[in-house]
Amino acid sequence: MCGRIDFHDPKPFLEDMQKYYDWDISDYIRYETAATGYNIPPSSDILTWHEHHHIPLIEPMHWGLIPFWAKDPAIGNRMINAKSETLTQKPAFRTAFRHRRCLIPVNGFYEWQKFPGTKQKQPYYIKAKEKPYLLLAGLWDRWEKENIKSCTIITTDANEALKPIHNRMPVIIPPEEARLWLDDEITQTDILTPLLKPISPEALEIYPVSEYVNSPVHNDRNCIERV
DNA sequence: CCAGACGTTGTT
DNA sequence: GTCTGG
DNA sequence: CCAGACGTTGTT
DNA sequence: GTCTGG
């Protein structure tokens, strides 16, 4: 699963974005109101990267997807993750999967290890081994009623490195696959399903952190310190 | 036909 | 909006 | 994801 | 137990 992210340093991502496109995209980057920090929970306005006919838009969206047809936006509280295996079937996600895919940059994310029969929970921090950020696969939607854009993070089976901690993890898209994932002219999703797999365990660094991170009001460097 | 749901995870 | 259940 | 609330009336 | 807020 993926219910808490670290995005304390947006710079490397934003710099890479300008390199990725070979023209000036500064007008298409709107990150000023995006949530940044070491401990960002669902319902925050997290930064997303998507495209419309190959024109990028990098902007914050409410984490917790509110389908365009929703009567009550509170439905977003339960849509913080989307299971990759059933994206084409679920009413809340299938249209977004065909037309509105996005990537969510994070410096890292957290998973909690639970111990059966106890209330004990051990949080872990997960980051890229050799890069300052990861791109998580997401979907987005627009709720016309109040013009709210919202997003969700797609999950898959945990890889071998994460399995001891948790059985699910976010889908992580390698930078070289971003072009394909974000292409909104692709509406036949078959060619995207190979991307919806667990990332190689070698790509990740994982270590335990303090329960300090449990409370979302804690939002400083202590959240990502190894214990 | 209308009404009501539309989600994931983990645990039992 | 679209599907499921009654 | 976790933490914290979960209620109404009337009075200050 | 379940929902809301962060």
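Sequence lines set the chain letters: A, B, ... in the order given, protein chains first and strands last, and positions in each chain run from 1.
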Asks: Report the distance from atom CE of A:M169 to atom P of B:dT8, rounded to the nearest whole Å.
Replies: 17 Å
Asks: How far, in whole Å, is D:dG10 from B:dA3 if one measures between their P atoms?
Replies: 37 Å
Asks: Could you check whether any side-chain heavy atom of A:V213 comes within less than 4.5 Å of a side-chain heavy atom of A:Y110, counting everything from C-beta outward?
Replies: yes
Asks: Please list, one pair per line, the donor and acceptor atoms closer than 3.5 Å that link side chains of residues 96-105 of chain A to other protein atoms, with sequence neighbours excluded.
Replies:
{"unit_1": "A:R98", "atom_1": "NE", "unit_2": "A:T187", "atom_2": "O", "d": "3.2"}
{"unit_1": "A:R100", "atom_1": "NE", "unit_2": "A:W140", "atom_2": "O", "d": "3.2"}
{"unit_1": "A:R100", "atom_1": "NE", "unit_2": "A:D141", "atom_2": "OD1", "d": "3.3"}
{"unit_1": "A:R100", "atom_1": "NH2", "unit_2": "A:D141", "atom_2": "OD1", "d": "3.2"}
{"unit_1": "A:R100", "atom_1": "NH2", "unit_2": "A:D141", "atom_2": "OD2", "d": "3.4"}
{"unit_1": "A:R101", "atom_1": "NE", "unit_2": "A:W181", "atom_2": "O", "d": "2.7"}
{"unit_1": "A:R101", "atom_1": "NH1", "unit_2": "A:F97", "atom_2": "O", "d": "2.7"}
{"unit_1": "A:R101", "atom_1": "NH1", "unit_2": "A:R98", "atom_2": "O", "d": "3.2"}
{"unit_1": "A:R101", "atom_1": "NH1", "unit_2": "A:I186", "atom_2": "O", "d": "3.4"}
{"unit_1": "A:R101", "atom_1": "NH2", "unit_2": "A:D183", "atom_2": "O", "d": "2.7"}
{"unit_1": "A:R101", "atom_1": "NH2", "unit_2": "A:I186", "atom_2": "O", "d": "3.1"}

Asks: Using whole Å, what does the distance between atom P of nucleotide D:dC1 and atom NE2 of A:H218 come to?
Replies: 20 Å
Asks: What I'd like to find out is whether the side chain of A:E146 reaches to under 4.5 Å of the side chain of A:I66, using heavy atoms alone.
Replies: no
Asks: Check each residue of residues 99-107 of chain A for a non-hydrogen atom within less than 4.0 Å of any atom in DNA chain B, then write out the ones that pass by number, or none.
Replies: none
Asks: In whole angstrom, give the distance that lies between atom NZ of A:K90 and atom C1' of B:dT8.
Replies: 9 Å
Asks: Do A:F13 and A:L134 have side chains that approach each other closer than 4.5 Å (heavy atoms only, starting at C-beta)?
Replies: no
Asks: Dot-bracket notation for DNA chain B is requested: 5' to 3', Watson-Crick or G-U wobble pairs only, both distances under 3.5 Å, with ( ), [ ], | and . as defined.
Replies: ||||||......
Asks: Where do A:P175 and A:L135 come nearest, in terms of heavy atoms and distance?
Replies: CA-CD1, 4.3 Å
Asks: Looking at A:E225 and A:R221, is any side-chain nitrogen of the basic one under 4.0 Å from a carboxylate oxygen of the acidic one?
Replies: yes
Asks: Going by the rule salt bridge (charged side-chain N to carboxylate O under 4.0 Å, His left out), which residues pair with A:E160 if we only count those two or more places apart in sequence or in a different chain?
Replies: A:K163
Asks: Starting the side chain at C-beta, find the nucleotide from B:dG7, B:dT9, D:dC1 nearest to A:A92.
Replies: B:dG7
Asks: With rounding to whole Å, what would you report as the distance between D:dT8 and B:dC6 at their P atoms?
Replies: 26 Å
Asks: For D:dC1 versus B:dT12, give the span between their P atoms, rounded off to a whole number of Å.
Replies: 16 Å
Asks: Mind checking ring pair (Phe, Tyr, Trp, His ring centres under 6.0 Å) for A:Y38 and listing every partner two or more places apart, or none if nothing turns up?
Replies: A:H8
Asks: Classify A:T155 by what it touches in the nucleic acid, base, sugar-phosphate, or nothing, heavy-atom distance under 4.0 Å.
Replies: sugar-phosphate
Asks: Just checking A:S84: base, sugar-phosphate only, or nothing, at a heavy-atom cut-off of under 4.0 Å?
Replies: nothing
Asks: Work out how far the P atom of D:dT11 is from that of B:dC2, and round it to whole angstrom.
Replies: 50 Å
Asks: If you measure from the C1' atom in B:dG7 to the same atom in D:dG7, how many Å do you get, rounded?
Replies: 29 Å
Asks: What is the distance from OH of A:Y110 to P of D:dC1, rounded to the nearest Å?
Replies: 16 Å
Asks: Please name the residue in the list A:W23, A:Y21, A:Y20, A:W49 that meets the ring-ring contact (aromatic ring centres under 6.0 Å, His included) test with A:Y28.
Replies: A:W23
Asks: Can you tell me which residue among A:S44, A:S215, A:C223 is in a side chain to side chain contact (heavy atoms under 4.5 Å, CB included) with A:N39?
Replies: A:C223
Asks: Using heavy atoms and a sub-4.0 Å distance, could you list which residues of residues 69-79 of chain A are near DNA chain B? By number, please.
Replies: A:W69, A:R78, A:M79
Asks: Closest approach to the side chain of A:N214, judged atom by atom: which nucleotide of B:dT9, B:dG7, D:dA3 is it?
Replies: D:dA3
Asks: Take atom CD1 of A:I126 and atom P of D:dC1, then tell me their distance rounded to the nearest Å.
Replies: 13 Å
Asks: What does the list of N/O pairs under 3.5 Å between the protein and nucleotides 3-6 of chain C look like, with a distance for each?
Replies:
none

Asks: Tell me which pairs pass side-chain hydrogen bond (donor to acceptor under 3.5 Å, both in side chains) where either residue lies in residues 60-89 of chain A, with sequence neighbours left out.
Replies: A:E85-A:R168
Asks: Please indicate whether A:K129 has more than 12 foreign heavy atoms, meaning atoms of other residues, nucleotides or ligands, lying under 6.0 Å from its NZ.
Replies: yes
Asks: Can you name the ring pair (Phe, Tyr, Trp, His ring centres under 6.0 Å) partners of A:W143, sequence neighbours left out?
Replies: none
Asks: Remember a base hit wins even if backbone is also touched, and classify A:I80 as base, sugar-phosphate or nothing at under 4.0 Å, heavy atoms.
Replies: base
Asks: Quick one: side chain to side chain contact (heavy atoms under 4.5 Å, CB included) partners of A:D24, sequence neighbours excluded?
Replies: A:Q18, A:S26
Asks: May I ask you to evaluate whether A:T86 reaches the phosphate of B:dT8, defined as a side-chain N or O under 4.0 Å from OP1 or OP2?
Replies: yes
Asks: Can you check the distance between E:dT2 and B:dA5, where both ends of the measurement are the P atom (answer in whole Å)?
Replies: 15 Å
Asks: Check whether more than 12 heavy atoms from other residues, nucleotides or ligands sit under 6.0 Å from atom CD of A:Q188, and answer yes or no.
Replies: no
Asks: Can you sort out which residues in residues 136-154 of chain A have a heavy atom within less than 4.0 Å of DNA chain D? Ascending by number, please.
Replies: none
Asks: Please confirm whether the shortest side-chain N or O distance from A:K121 to OP1 or OP2 of D:dC2 is below 4.0 Å.
Replies: yes
Asks: Kindly write out the residues that satisfy ring pair (Phe, Tyr, Trp, His ring centres under 6.0 Å) with A:H218, not counting sequence neighbours, or none if the list is empty.
Replies: A:Y212
